[in-house]
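Note that the structure is predicted; figures quoted are calculated from it, not measured. Numbered from 1 within each chain, the chains take letters A, B, ... in sequence-line order.
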Amino acid sequence: MSVVARIWARMRSSKTVMVSGGILCVIALLAAIGPWISPNEYVAADFGNILRAPTLSAGHVFGTDDLGRDLFVRTMMGVQVTFAVALVASVVSLLIGVLYGATAGFVGGRVDAVMMRLVDTLYATPFIFFVILLLVVFERNFLLIFVAIGAINWLDMARIVRGQTLSLREREFVQAAQLIGVSTPRIILRHIAPNLVGVVIVYVTLTIPQAILIESFLSFLGLGIQEPQTSLGKLVNDGTDQMEGASWMLLIPATLLAVLLLCFNFLGDGMRDLLDSRQSR
Amino acid sequence: MLRYTLRRLLGAIPTLFLVIVLAFLLVHAAPGGPFDDERALPADIEANIAAAYHLDEPLPMQFLRYLGGVVQGDFGPSYSYRDYTVSELIGRSFPVSVHLGILAMIVAVVTGVSIGVIAALNRNSALDKIVMGFAMTGISIPVFVIAPVLVLFLAVKLQWLPASWTGSEGASRLLLPVLSLALPQIAYVARLTRASLIEVLSSDFIRTARAQGLGTAAIVRYHALKPAMLPVLSYMGPAVAAVLTGSVVVEEIFGIPGLGQLFVRGSLNRDYTLVLGVVIFYATLIVLLNLLVDLLYGAIDPRIRRR
């Protein structure tokens with residue numbers, strides 16, 4: 001685990017990374033424990049408190065919506081969805097992107113040319129519209145959205161990993177492995193992949209805001225997470241409908257989504273700066 | 001230049017073909033048909049409907065028929081808007097979106113470049129840091145968060161501007177939608193301009209210009225701005241795509257009868273042909289605009305053409 005330890009040591013030296021990472025941890029913790037300790041349920045309607053502004057006395061710290069549901073629990077649920085999207089999309093883009101990029105870069109030649117041409121072609125297609133098409137055609141389910149988002153995000157990863165692999169391929173330890181007859185898949189897994197960890201971690205953080213954005217965009221349009229489940233995009237949409245009488249319904253989820261995206265963006269930027277400063281040295 | 005143009009044009013064809021094939025297959029992989037209803041139809045009526053929409057033909061035939069139509073700008077009939085073809089619906093709503101999109105792009109480029117230049121000239125000052133902090137915020141916050149919040153404060157609370165498209169006229173109803181669409185792009189353009197202008201300003205020919213006694217304003221105006229605009233120009237492709245995607249939510253929020261709203265309504269109604277048509281239309285538009293940007297880039301910077 002020395003690679004991880006080294007990355008951690010470097011992360012601690014950047015104020016941007018530590019502050020945005022810290023805020024994200026606090027929000028994640030709140031979203032994990034909040035619904036659990038709150039007396040309210042996310043589907044339960046409190047008919048005595050419909051469209052109640054945020055208050056401590058009635059037990060609804062973020063207020064309630066037009067159906068009398070507690071917005072603290074619902075907002076925290078939305079945050080959970082956001083983090084779940086971040087996680088699943090990262091894993092999917094990581095798996096496809098790293099394998100694809102490493103294969104293209106390592107095998108090289110015509111295979112590389114064809115594989116990267118495909119990436120270029122896919123890159124030029126407006127994926128978000130395809131995801132919407134996918135959601136129109138098939139049932140709108142959780143998993144489909146998550147996988148679709150991950151499947152969009154792997155392209156960047158594949159490009160970066162390919163570039164790195166191209167340079168790694170020429171290094172002595174890889175040639176040594178080839179010389180003693182290690183098979184290509186094994187070289188990619190054992191010798192190439194571990195050396196990609198640093199770059200991959202940085203680019204995963206950079207693709208996370210993108211994934212979150214897509215999910216909340218779809219949910220905002222009513223094509224993503226469906227009632228009674230909710231996500232921040234959906235909450236912003238509900239808030240938009242009720243903004244004239246109940247501005248908290250809009251402002252609370254909007255602020256949270258903005259803060260989350262801002263922190264993930266700063267985190268990614270900070271991590272990239274760390275990587276760049278190492279490469280330029 | 002002609003060879004370059006031709007090569008790029010031919011390169012766009014496989015992309016477009018892939019888009020049409022993928023979109024078509026997706027729609028036809030759908031479980032159930034577009035006319036499946038709660039109430040079962042008599043078998044002969046069902047057969048008639050299938051024949052009228054050519055759904056009884058084998059898939060490759062259907063695809064060729066569709067492709068033939070698309071090449072001629074015919075996307076077939078809409079399933080949920082009776083008596084309208086998809087092309088008619090697109091033709092009716094697209095001009096509204098174009099109007100909005102072009103205005104947003106102009107606002108984004110003019111404001112973004114100005115902010116970027118100011119930030120670059122005052123590099124590392126407090127002003128620069130504040131402006132770039134705002135830019136990061138603008139990039140991070142999506143249109144569908146910016147737009148409702150702007151409506152809440154400027155239309156509902158302060159009542160300066162109308163909150164919706166219908167029931168108002170002229171420039172006032174355009175202001176909020178255009179602003180919502182432009183804000184994230186302003187932020188991107190400002191960041192790009194700042195970074196590239198800083199780089200250009202440190203090059204040798206600028207030092208020569210300074211040595212000749214030119215003032216900062218003249219240097220930026222006559223020497224630095226043009227080369228610094230290249231990254232901004234290459235961002236125009238993604239920017240148009242982002243404005244298109246943004247217009248989908250902005251039109252929904254403000255109730256603007258444009259292509260984005262048509263697309264969302266079609267998606268929620270499961271109007272297969274409409275959604276398929278709009279996806280292909282959007283994709284073609286984005287691919288062609290990317291191509292146009294590339295060609296412009298090649299025209300301005302001869303180094304690109306030779307690659």
Are side-chain heavy atoms of [X] and [Y] found at a separation under 4.5 Å?
| X | Y | result |
| --- | --- | --- |
| B:Ile141 | A:Leu261 | no |
| B:Ile253 | A:Phe220 | yes |
| B:Val143 | A:Phe217 | no |

If we define contacts as heavy-atom pairs under 4.5 Å, which of [options] has the most with chain A?
| options | value |
| --- | --- |
| B:Val145, B:Val278, B:Ile146, B:Ile139 | B:Val145 |
| B:Leu244, B:Val249, B:Leu22 | B:Val249 |
| B:Thr245, B:Leu276, B:Val264 | B:Thr245 |
| B:Val279, B:Val151, B:Leu152, B:Leu16 | B:Leu152 |

(request) Specify which of A:Ser216, A:Ser247, A:Ala254, A:Ala258 makes the most heavy-atom pairs with chain B at under 4.5 Å. (result) A:Ser216
(request) Just give me the residue among A:Asp269, A:Leu257, A:Thr255 that pairs up with chain B most often, heavy atom to heavy atom, under 4.5 Å. (result) A:Asp269
(request) Go through the atoms of A:Leu262 and report whether side chain, backbone, both or neither lie under 4.5 Å from a heavy atom of chain B. (result) both
(request) With a 4.5 angstrom heavy-atom cut-off, could you sort out which part of A:Leu260 is near chain B: side chain, backbone, both or neither? (result) neither
Region of [X] in contact with chain A, defined by heavy-atom distances below 4.5 Å:
| X | value |
| --- | --- |
| B:Phe281 | neither |
| B:Ala241 | neither |
| B:Val275 | both |

(request) Could you tell me which non-hydrogen atom of B:Ser140 sits nearest to which non-hydrogen atom of A:Leu213, and how far apart they are? (result) O-CD1, 4.5 Å
(request) Could you pull out the closest heavy-atom pair between A:Leu250 and B:Val149, with the gap in Å? (result) CD2-N, 4.1 Å
(request) Anything in residues 233-244 of chain A with a heavy-atom distance to chain B below 4.5 Å? Please list those residues in order. (result) A:Gly233, A:Val236, A:Thr240, A:Met243, A:Glu244
(request) For the pair B:Tyr282 and A:Ile132, evaluate side chain to side chain contact (heavy atoms under 4.5 Å, CB included) and give the outcome as yes or no after the intermediate values. (result) CA-CA 12 Å; B:Tyr282 271 139; A:Ile132 293 180; over 6 Å; no
(message) As an exercise, state the distance from CE of B:Met136 to CG of A:Asn265, rounded to the nearest 0.5 Å.
(response) 4.5 Å
(message) Looking at B:Phe63, I want to see if its CZ is surrounded by more than 12 non-hydrogen atoms of other residues, nucleotides or ligands under 6.0 Å.
(response) yes
